[in-house]
Participant: 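This is the structure I have questions about; it appears just below.
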Amino acid sequence: MVPKHRTLVLDAVRERLKEGKRVVLIATRVVEAGVDLSFPVVYRAQAGLDSLAQAAGRCNRHGEFSEGGTVYSFESADFPIPSRLKDMEAASAATRDVWKEGCDVFDDKVISSFFQLYYDNRKIQTNTWDKCRVSSKCKVNMNSLNGFRTIQFRDLAEQFHMIPPGQREVVLVFGDEQEYIWKELKNLETLPESSRYPNRELRRKIAQYTIQVYDNEYNIMRQRRILESYAEGSVEVVTDIKNVYDMNIGFLPMADYDSLHCN
C-alpha cells in the first residue's frame with residue numbers, strides 16, 4: 001500500500017480495536033515491525049522462530065487482555081511456500097524440527113537450536129552461502145592500524161545488494177489530494193526547465209502516494225501507456241490504477257519474478 005493508504009487502514013484498525021469492535025486484519029510481514037497494534041489472537045503462516053516472535057509481539061502487546069492472547073502457527077495445504085524461496089523453506093523446516101522437542105519455543109536454548117538448524121538447512125538447500133564472495137573482500141589486517149583499508153568496499157557495493165536493485169518509484173494518486181497533485185505537476189511543466197521540480201510541500205504529498213516496483217513491472221506499465229512523467233522524468237504517475245492497485249490489498253504484482261541479491 002502507498003503510505004497514505006496504509007496510514008488510513010491502520011488508523012481504522014486502531015479505532016475499531018479501541019472501541020472493542022471485531023477486527024480481522026490480513027497483512028504482510030511489514031506489520032510485524034514498527035506497527036503498534038495488539039490483537040487477542042494472531043495467526044501466522046509457518047516461518048522462522050524469529051518471525052513468529054515478531055508476530056507474537058502483536059498479540060496482547062500491552063497486556064490489556066486479562067486472559068492473555070493466543071498465537072497460532074499454521075502450514076497451508078493449498079498454498080505451500082514457493083520452492084524458489086529457499087530461505088523461507090529453510091527457516092520453516094528449522095522451526096518444525098525444533099518444535100518436535102516440545103519445548104518453550106521462545107526459550108533461549110530453543111532459539112539457539114533454531115538458528116543452528118536454520119543455518120545448516122539454508123547452507124544445504126540454497127548452496128549460495130557467499131556466492132558473491134563477500135568474505136574474501138572483507139579481510140582485515142588486525143596487526144595494522146589501517147587494517148580496514150584492505151576491505152574492498154567498491155567491489156562489495158557493486159557485487160552485493162542486501163535489497164535487490166532494479167526498482168523504480170511510481171506515484172499512485174487517489175482520494176482527496178489526487179486532483180491537487182496532478183494539477184500542481186502539470187503546472188510545473190509550463191515553467192522553465194530549472195523550475196519544474198516539486199517544492200518541499202509537494203514532494204511530501206507525493207511521497208505519501210509513492211511505492212517502488214521492480215523493473216519488469218515498471219516496463220509493463222510503460223507498455224500499457226499508463227505512466228506520465230513530470231519534473232524531467234523524476235516523478236512518474238500511474239494514470240489508471242485499475243488492475244494496478246486494489247484498495248483492500250494495495251499494489252497488484254504485474255509479473256512473476258525472482259529477486260536477485262548479487263550480480
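Along the sequence shown, residues are numbered consecutively beginning with 1.
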Participant: For residues Tyr119 and Trp99: do they belong to one hydrophobic cluster (side chain heavy atoms under 4.5 Å, members Ile, Leu, Val, Met, Phe, Trp, Tyr)?
Facilitator: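 The answer is yes; both residues are in one hydrophobic cluster.
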Participant: Taking C-beta and beyond as the side chain, do Arg61 and Asp36 meet within less than 4.5 Å on heavy atoms?
Facilitator: yes
Participant: For residues Met1 and Ile249, report the shortest heavy-atom separation together with the two atoms involved.
Facilitator: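 Minimum heavy-atom separation between Met1 and Ile249: CG-O, 3.9 Å.
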Participant: Run the numbers on Glu75 and Arg96 for salt bridge (Lys or Arg N to Asp or Glu O under 4.0 Å), then give the verdict.
Facilitator: CA-CA 10 Å; Glu75 292 190 76; Arg96 196 180 302 113; 2.8 Å; yes
Participant: Stepwise, does the side chain to side chain contact (heavy atoms under 4.5 Å, CB included) test hold for Val13 with Leu37?
Facilitator: CA-CA 8 Å; Val13 169; Leu37 296 175; 4.0 Å; yes
Participant: Do Leu191 and Ile181 sit in one hydrophobic cluster, given that two such residues count as connected whenever their side-chain heavy atoms are within less than 4.5 Å of each other, even indirectly?
Facilitator: yes
Participant: Does atom CD of Glu179 have more than 12 heavy-atom neighbours from other groups under 6.0 Å away?
Facilitator: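 Not buried by this count: 12 neighbours or fewer within 6.0 Å.
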Participant: Applying a strict under-4.5 Å side-chain criterion to I, L, V, M, F, W and Y, I'd like to know whether Leu202 and Val2 cluster together.
Facilitator: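 Hydrophobic grouping puts Leu202 with Val2.
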Participant: Does the Lys NZ or Arg CZ of Lys205 fall within the cation-pi geometry relative to Tyr180 - under 6.0 Å from the ring centre and within 45° of the axis?
Facilitator: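 Yes; both conditions hold, so Lys205 lies above the ring face of Tyr180.
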Participant: Considering all heavy atoms of both residues, which atom of Ser229 and which atom of Gly233 are nearest to each other, and what is their separation?
Facilitator: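 Smallest heavy-atom distance, with atoms named: CB-CA, 4.2 Å.
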Participant: How long is the gap from CG on Asn216 to CZ on Arg168, to the nearest 0.5 Å?
Facilitator: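 Spacing of CG (Asn216) from CZ (Arg168) equals 11.0 Å.
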Participant: Could you pull out all residues at least two apart from Ser38 that satisfy side-chain hydrogen bond (donor to acceptor under 3.5 Å, both in side chains)?
Facilitator: Glu64
Participant: Quick check on Gln116: does its CD atom have over 12 non-hydrogen neighbours (other residues, nucleotides or ligands) under 6.0 Å away?
Facilitator: no
Participant: Going only through I, L, V, M, F, W and Y residues with side-chain contacts under 4.5 Å, is there a path from Val237 to Met247?
Facilitator: yes
Participant: Nearest 0.5 Å please: distance from the CG atom of Leu8 over to the CD atom of Gln208.
Facilitator: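 One gets 9.5 Å once the value is rounded to the nearest 0.5 Å.
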Participant: Answer whether the closest heavy-atom distance between the side chains of Val238 and Val171 falls below 4.5 Å.
Facilitator: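 Answer no - side chains too far apart.
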Participant: Does Met88 offer a backbone N or O that forms a donor-acceptor pair with the side chain of Ser92 under 3.5 Å?
Facilitator: no
Participant: A side-chain contact here means heavy atoms from C-beta on lying under 4.5 Å apart; do Leu185 and Val235 qualify?
Facilitator: yes
Participant: State whether a side-chain donor-acceptor pair under 3.5 Å links Thr210 with Glu169.
Facilitator: no
Participant: Is the shortest side-chain heavy-atom distance between Val213 and Gln167 below 4.5 Å?
Facilitator: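 Contact flag for Val213/Gln167 side chains = no.
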Participant: With a 4.5 Å limit on heavy-atom distance, are the side chains of Glu228 and Trp182 in contact?
Facilitator: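 Sidechains of Trp182 and Glu228: in contact.
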Participant: Any chance you could measure Leu117, atom CG, to Asp97, atom CG, to the nearest 0.5 Å?
Facilitator: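 Reported value, rounded in 0.5 Å steps: 5.5 Å.
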Participant: Taking all heavy atoms of Val31 and all of Arg58, pick out the closest pair and write down the distance.
Facilitator: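 Heavy atoms of Val31 and Arg58 come nearest at O-NE, 3.0 Å.
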Participant: Should Val35 and Val9 be counted in the same cluster of Ile, Leu, Val, Met, Phe, Trp and Tyr side chains packed under 4.5 Å apart?
Facilitator: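 Looking at the clustering, Val9 is in the same group as Val35.
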Participant: When you look at Tyr230 and Lys186, which way does the side chain to side chain contact (heavy atoms under 4.5 Å, CB included) test go after all the steps?
Facilitator: CA-CA 8 Å; Tyr230 297 93; Lys186 290 179 178 179; 3.4 Å; yes
Participant: Return the CG to CG distance between Leu25 and Leu10, rounded to the nearest 0.5 Å.
Facilitator: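 Result: 7.5 Å between the selected atoms.
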Participant: Thr95 side chain to Ala91 main-chain N or O, any donor-acceptor pair under 3.5 Å?
Facilitator: yes
Participant: Would you call Leu252 and Asn243 a side-chain contact if the rule is heavy atoms closer than 4.5 Å?
Facilitator: no
Participant: Using a 4.5 Å cut-off on heavy atoms from C-beta on, say whether the side chain of Phe65 contacts that of Asn60.
Facilitator: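 Yes - at least one pair of side-chain heavy atoms lies under 4.5 Å apart.
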Participant: State whether Lys4 and Glu177 are salt-bridged, where the test is any N-O pair (Lys NZ or Arg NE/NH1/NH2 against Asp/Glu carboxylate O) under 4.0 Å.
Facilitator: no
Participant: How long is the gap from CZ on Arg225 to CG on Leu227, to the nearest 0.5 Å?
Facilitator: 12.5 Å
Participant: Could you give me the CA-CA distance, side-chain angles and deciding distance for Tyr72 and Val42, then say whether side chain to side chain contact (heavy atoms under 4.5 Å, CB included) is met?
Facilitator: CA-CA 6 Å; Tyr72 295 93; Val42 169; over 6 Å; no
Participant: With sequence neighbours left out, write down each residue that passes salt bridge (charged side-chain N to carboxylate O under 4.0 Å, His left out) with Glu236, or none if nothing qualifies.
Facilitator: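 Applying salt bridge (charged side-chain N to carboxylate O under 4.0 Å, His left out) to Glu236 gives Arg222.
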Participant: Give, for atom CG of Asn248 and atom NE2 of His5, the distance between the pair rounded to the nearest 0.5 Å.
Facilitator: 7.0 Å
Participant: Measure from the side-chain N and O atoms of Ser234 to the backbone N and O of Ala231, and report whether any donor-acceptor pair falls under 3.5 Å.
Facilitator: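 The answer is yes, because a donor-acceptor pair under 3.5 Å joins these two groups.
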Participant: Please confirm whether Phe251 and Tyr245 have ring centers closer than 6.0 angstrom.
Facilitator: no
Participant: Give a yes or no on whether Arg29 atom CZ has more than 12 heavy-atom contacts from other residues, nucleotides or ligands under 6.0 Å away.
Facilitator: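 Result for CZ/Arg29: open.
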Participant: Using the ring of each side chain (for Trp, its six-membered ring), is Phe114 parallel, tilted or perpendicular to Tyr118, with breaks at 30° and 60°?
Facilitator: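 It falls in the parallel class, under 30°.
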Participant: Quick check: does any side chain N or O of Thr70 sit under 3.5 Å from a backbone N or O of Val41, one acting as donor and the other as acceptor?
Facilitator: no
Participant: Which residues end up grouped with Phe79 if you chain together Ile, Leu, Val, Met, Phe, Trp and Tyr wherever their side-chain heavy atoms are less than 4.5 Å apart?
Facilitator: none
Participant: Check the pair Phe74 / Arg44 against side chain to side chain contact (heavy atoms under 4.5 Å, CB included), numbers first and verdict last.
Facilitator: CA-CA 6 Å; Phe74 65 91; Arg44 177 61 163 89; 5.6 Å; no
Participant: For the residue pair Glu184 and Pro198, establish whether any side-chain heavy-atom pair is separated by less than 4.5 Å.
Facilitator: no
